[in-house]
Amino acid sequence: MRRSAPVRAVLVLALAGALAACAEQASPPAAADAAPSPVPADTASVSADVYRFRIGGLDAAVLRDGDIRVANDGKTLAVGVPKAEVDALLTRAGEPTDTLQLAVQALLVRSGDRVLLFDTGAGAAEFADAGRLQAALRAAGVEPGQVTDVFISHAHPDHVGGLTGDAGQAVFANATVHLSAPEWDALQAEPANAALVAAIAPRVEAFAPGADVAPGVTAVAVDGHTPGHSAFEITDGDARLLYIGDAAHHFVISVQRPAWTIAFDGDAPLAEASREALLARAADSGVTVASPHFPYPGLGRIVRRDGTFVWAPLQ
Ligand SMILES: [Zn+2]
């Protein structure tokens, strides 16, 4: 048991209430045919919070929402691991050892007539310095009402916080909201989520874990973090992108030491096994990965090194 009951209680409260990278720099692997390529920032709709790229023929953009900072105290990330071990890992990666920073970012994909958004950021959640998603979306040339499909990896507040506005209204008023059936069931079962459930229920389409959820979008069940946590694979022809959700949180700790759990994993042993399996899948396939929490823009690859993995950000 690496998580004390009080700590867990605090976290559960935090989740229920508000809700709720480098590594030894890896050399980037040889470019694969399916790799996204940055699009020249030559339009007025580009800002520091919008990173445009392509998935095959699809226009895509990472939308920066903000950051979450947590103390490196063994209570949130690398739960129960001696601090000296965590510090040594971070130091080798050139990272500070006092505070751990997680980016918060969503993924926008334009596919024909459809405008797809993967996760919605933290909104006004107090635990994050975030809430820039709508501005980033507009900077990318999209009004919230133009989003046709929102795909939710899981119902923690840094992923669903942007679904509703200050008055509790649905921000993406014309979008179908896709999330897995077990995640939707769990969300509805928590009384603290009643307002969110009421706002989005008319537009929710729950999918079976692992289902093809839209043309070119397949859910990937990654069990353990929440009851129905899902990654998403986005394809266009031979091009593929794997949006990993919260299969991994920190680009050094979670990738190089996948067994060092985060306190928000609902079923830590299962989440650890899922994290390792997803990292192996990503490394062995060479797929381009998009992470909502790795340093902005959170695009890169997972590479095997020294019996474990490292994050290789796209250059
Ligand atoms: Zn998260």
Side-chain angles (χ1 to χ4, degrees), residues 3 8 10-21 62-71 75-79 99-107 117-133 136 150-164 177-180 182-183 186-187 190 192-193 196 219-232 242-255 258 260-268 270-272 274-275 278-279 289-299 311:
R3 171 169 32 193
R8 181 166 191 155
V10 166
L11 290 165
V12 167
L13 283 173
L15 290 169
L19 304 194
V62 174
L63 306 177
R64 183 172 167 82
D65 185 52
D67 297 287
I68 298 172
R69 293 175 187 83
V70 298
K75 293 178 180 172
T76 303
L77 273 157
V79 177
T99 301
L100 303 173
Q101 184 163 327
L102 303 179
V104 181
Q105 53 219 355
L107 175 67
L117 184 65
F118 294 81
D119 286 332
T120 67
E126 291 180 358
F127 60 84
D129 175 13
R132 307 213 291 268
L133 179 74
V150 177
F151 301 87
I152 297 296
S153 63
H154 66 295
H156 282 170
D158 53 322
H159 299 261
V160 298
L163 279 172
T164 51
V177 178
H178 306 266
L179 75 174
S180 78
E183 195 71 13
L187 179 63
E190 173 53 62
N193 294 326
L196 172 61
V220 178
V222 183
D223 298 333
H225 186 55
T226 57
H229 179 262
S230 297
F232 295 99
L242 182 63
Y243 177 81
I244 64 172
D246 278 10
H249 290 79
H250 191 277
F251 74 110
V252 175
I253 293 172
S254 308
V255 175
W260 291 3
T261 199
I262 187 167
F264 303 114
D265 282 342
D267 182 332
L270 181 58
E272 289 160 23
S274 297
R275 180 160 42 251
L278 192 78
L279 292 169
V289 164
S291 160
H293 290 313
F294 292 0
Y296 177 79
L299 297 171
W311 172 241

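Computed over heavy atoms, backbone and side chain alike; hydrogens, waters and symmetry mates excluded. Predicted model only: the values in this text are computed from it and were never measured. Order of listing sets the numbers, starting from 1, for every ligand and every atom in it.
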Point to revise | Ring centers of His225, His249 separated by less than 6.0 Å | key: yes
Check your understanding: What N, O or S atom of His159 is found closest to the Zn ion (ligand 1)?
Key -> NE2
Point to revise | Of Val104, Leu117, Thr120, the residue whose pairing with Leu63 passes side-chain contact (heavy atoms from CB on, under 4.5 Å) | key: Leu117
Review point. Can you give the angle Asp246 OD2 - the Zn ion (ligand 1) - His293 NE2, rounded to 10°?
Key: 120°
**Study point:** Under 2.8 Å: N/O/S of His154 next to the Zn ion (ligand 1)
**Key:** no
Point to revise | Side-chain heavy atoms of Leu187 within contact of Val160, under 4.5 Å | key: no
**Study point:** Residue of the set Asp246, Asp265, Asp267 for which salt bridge (Lys or Arg N to Asp or Glu O under 4.0 Å) holds with Arg275
**Key:** Asp265
Check your understanding: Looking at the Zn ion (ligand 1), is one of the N, O or S atoms of His156 less than 2.8 Å from it?
Key -> no
Practice item. Indicate yes or no for a side-chain donor-acceptor contact from Gln105 to the backbone of Ser291 under 3.5 Å, with no hydrogens or angles considered. Key: yes
Revision key, fill the gap. The atom name of the N, O or S atom in Asp158 nearest to the Zn ion (ligand 1) is OD2
